[in-house]
Protein chains: 2
Amino acid sequence: MELTNRKKKILRAIVEIYIATAEPVGSKAVAQQANLDISTATIRNEMADLTELGYLEQPHTSAGRVPSPVGYRLYVNELMGEHQLTMQETQRINEALNLKMEELDRVIDRAGKVLSQISDYPVFTMAAPKKRITVRRFDLLMVEENAFIAVVMTDNSIVKNKLIRMPDQLSDTQLQLLSTVLNSSFVGLTLEEMEQSLDQMETRSAPGAFQLISLVVQFAMEVLKEQSGQTVHTAGITHLLEHPEYHSLDKAKPLMNYLSDGQEGAKLPVTLSADQNMNILIGPENVNEALKDTSVVMASYDIGDNMRGVIGVVGPTRMDYAKVTARLSYFADSLTRMFGKGELPPGEDEE
Amino acid sequence: MELTNRKKKILRAIVEIYIATAEPVGSKAVAQQANLDISTATIRNEMADLTELGYLEQPHTSAGRVPSPVGYRLYVNELMGEHQLTMQETQRINEALNLKMEELDRVIDRAGKVLSQISDYPVFTMAAPKKRITVRRFDLLMVEENAFIAVVMTDNSIVKNKLIRMPDQLSDTQLQLLSTVLNSSFVGLTLEEMEQSLDQMETRSAPGAFQLISLVVQFAMEVLKEQSGQTVHTAGITHLLEHPEYHSLDKAKPLMNYLSDGQEGAKLPVTLSADQNMNILIGPENVNEALKDTSVVMASYDIGDNMRGVIGVVGPTRMDYAKVTARLSYFADSLTRMFGKGELPPGEDEE
DNA sequence: TTTAGCACTCCATATCCCTGAGTGCTAAAG
DNA sequence: CTTTAGCACTCAGGGATATGGAGTGCTAAA
């Protein structure tokens with residue numbers, strides 16, 4: 001049995017009706033929506049075929065049909081129309097992203113929240129460097145006789161600082177010297193190399209001086225670690241409750257817990273390979289057990305040349321794929337544009 | 001009719017049973033728990049009195065009793081025993097807070113998450129300066145000929161930085177000059193004063209120079225604005241679903257939405273006056289409509305001398321007040337201790 | 001003042017029935 | 001061979017109706 005054109009039209013109609021109503025779709029509803037001039041009986045026959053082929057499922061004998069994951073997959077790959085964003089929608093996205101320049105992390109966080117609001121689904125975000133990052137330079141600023149500010153700039157143009165207090169007093173010249181040592185010995189090193197270098201230095205330096213160096217380098221290492229860590233953030237988890245498939249707490253709780261915990265580790269399916277920039281995982285296509293009944297739509301975006309981020313939407317398999325993909329891709333493009341291409345991201349700033 | 005000692009004992013028993021079971025409490029259960037040697041009939045009489053006095057409520061004629069807000073209030077004020085934290089609990093709190101020094105915001109965020117985990121309720125956090133803050137000093141670091149880093153340190157020892165790119169090239173001496181102007185004209189000013197000062201300067205400066213100054217001052221103003229804003233964060237909203245009063249989505253959704261939105265504005269009941277450091281609001285004692293059926297337990301803590309934070313737990317009126325207050329106060333004390341007393345908070349660092 | 005006893009109330013749960021949407025099959029029509 | 005009308009059948013969902021049991025309030029005796 002082959003998949004005729006008419007069968008595809010019927011499948012498409014069923015998916016779209018089901019997305020809109022969240023209830024099993026009967027032959028009558030299909031007859032109305034898809035204006036093929038065809039009787040419900042014929043449609044019933046076709047639906048029986050589609051069920052046999054695995055594109056549809058039947059909750060129980062006398063109910064309508066529901067798309068199977070395979071059915072959604074076909075819909076997404078072939079049948080789904082291009083959804084156009086309205087003027088209001090694009091405008092809203094633009095406004096939301098067009099914030100005063102903020103810290104990178106915050107912009108991404110904010111972006112997640114906004115996307116969640118306009119899509120009505122939970123959203124996760126992540127950003128990771130494409131390669132190992134290193135420190136580009138150190139600066140030390142004297143504050144008072146026993147405190148100074150260490151400023152660390154990485155080669156992906158992130159700048160972090162920290163106020164450091166010391167037990168002993170320190171002169172300007174000493175600070176100068178410290179700065180020279182740091183810049184000559186620890187610039188361009190990865191996290192591991194830094195650790196080694198610090199170990200070696202311990203044996204052949206004066207203890208007092210070493211302690212100071214160590215404080216700053218330790219801070220730099222924390223910065224590198226934080227930057228290379230793929231921390232996943234989530235936003236809008238409570239949106240789940242708006243969708244009927246999560247009206248029962250038994251369904252909602254596990255997923256919500258999973259998404260909340262997701263903030264801890266990089267458990268989310270960030271399997272996005274570098275070349276493709278939009279990816280859809282439907283139901284059982286998700287490797288992770290907790291996501292077996294959900295779909296994930298994700299897109300990647302670039303942050304300058306050295307970092308790449310992922311932003312994704314999580315929802316029931318009955319997700320409005322057309323809308324979500326349209327919004328998500330617009331979003332990812334905006335982010336890429338926003339973070340520019342240059343070596344110095346324009347909104348880079350930094351704590 | 002007066003509130004005899006026996007009535008108090010019965011009330012206490014009812015509150016505690018209800019906290020444990022979430023179901024209306026009958027005379028039989030009270031007889032078992034409170035070992036007064038008294039028959040259920042007598043207890044029934046006393047319960048009738050307590051109901052008349054307004055301490056108890058009856059969902060329907062043939063059901064047990066439930067504490068009223070007034071009943072909880074009496075319990076919290078007079079009857080509640082001191083809850084002792086177990087070793088494991090204190091240890092868990094200590095571990096969780098004992099992190100590598102992080103940015104202030106993050107420590108607070110993290111603290112909220114931890115408290116939420118150990119209390120099983122949502123938690124909100126907030127930190128605000130006690131007085132208007134100003135910039136203590138500016139530093140400028142040349143990066144390349146058309147970019148520099150601006151470092152701003154406020155008088156509450158927060159340090160923020162930002163990478164600024166310029167259209168034109170700039171020499172070291174020019175940068176030096178810029179730094180001098182900034183430090184002589186904009187140090188010690190509040191947000192509003194800064195704005196005025198900047199306006200005045202516009203008229204009597206060379207346009208090129210003014211543009212540069214403006215860039216940096218604008219950044220400083222953003223920092224001040226951000227620091228003085230009372231941003232409220234929430235954590236662990238999904239914990240609500242674990243409590244039977246929120247098993248119905250009709251109850252859960254409004255509150256969850258309220259708490260999520262809470263991140264936007266300072267809508268939460270941060271009515272904590274400066275002198276008291278623990279505050280409990282029960283049900284209708286909350287002014288806010290969305291919290292009418294919930295209780296809020298909150299405590300304040302100090303961040304150095306210049307800032308004060310609030311951390312609070314939100315839950316159903318049937319909240320385990322003894323446990324929550326014990327944990328919360330331990331938590332607030334730990335935070336106060338952790339952020340020290342000195343002018344420079346020890347873990348201050350900063351983006 | 002306390003307590004045993006008892007009739008009464010009323011929620012929760014289970015059971016049953018019924019309705020209606022939807023199916024699959026058959027047989028006739030195109 | 002495909003389409004369609006007709007029809008019997010299935011089954012989830014939603015009332016309506018019983019039933020059990022926990023709990024009360026009251027009375028009368030201790």
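Below, chains carry the letters A, B, ... as their sequence lines are ordered, and counting in each starts from 1.
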- Inspect the contact between Arg318(B) and Glu245(B) and indicate whether a charged nitrogen and a carboxylate oxygen are less than 4.0 angstrom apart. yes
- Looking only at side-chain atoms of Gln58(B), point me to the closest of dT23(C), dT24(D), dT3(C). dT24(D)
- Note on the structure: Per atom distances to the Ser62(A) side chain, the nearest of dC11(C), dT4(D), dC11(D) is dC11(D)
- Applying a 3.5 Å limit to both distances, which nucleotide forms a Watson-Crick or G-U wobble pair with dA29(D)? dT2(C)
Distance test, side-chain N/O of [X] to OP1/OP2 of [N], below 4.0 Å:
X	N	answer
Thr61(A)	dT23(C)	no
Arg6(B)	dT2(C)	yes
Arg65(B)	dT24(D)	yes
Thr42(B)	dT1(C)	no

- Message: Would you call the rings of Tyr18(A) and Tyr72(A) parallel, tilted or perpendicular, taking 30° and 60° as the class edges?
- Response: tilted
- Note on the structure: Closest non-hydrogen contact found for Gly54(A) with Val70(A) is O-CB, 3.8 Å
- Query: At under 4.0 Å between heavy atoms, what does Ala41(B) touch on the DNA or RNA strands: base, sugar-phosphate, or nothing?
  - Reply: base
- Task: Grab the CD1-C1' distance between Ile17(A) and dG22(C) for me, whole Å please.
- Result: 14 Å
- Message: Just the rounded figure in Å: distance from P of dT4(D) to CD1 of Ile43(A).
- Response: 9 Å
- Let me know, please, whether Ala48(A) or Asn45(B) comes out on the 5' side of the other along DNA chain C by nearest nucleotide. Asn45(B)
- Task: Answer with yes or no after comparing the ring centroid distance for His83(A) and Tyr321(A) against a 6.0 Å cut-off, counting only values under it.
- Result: no
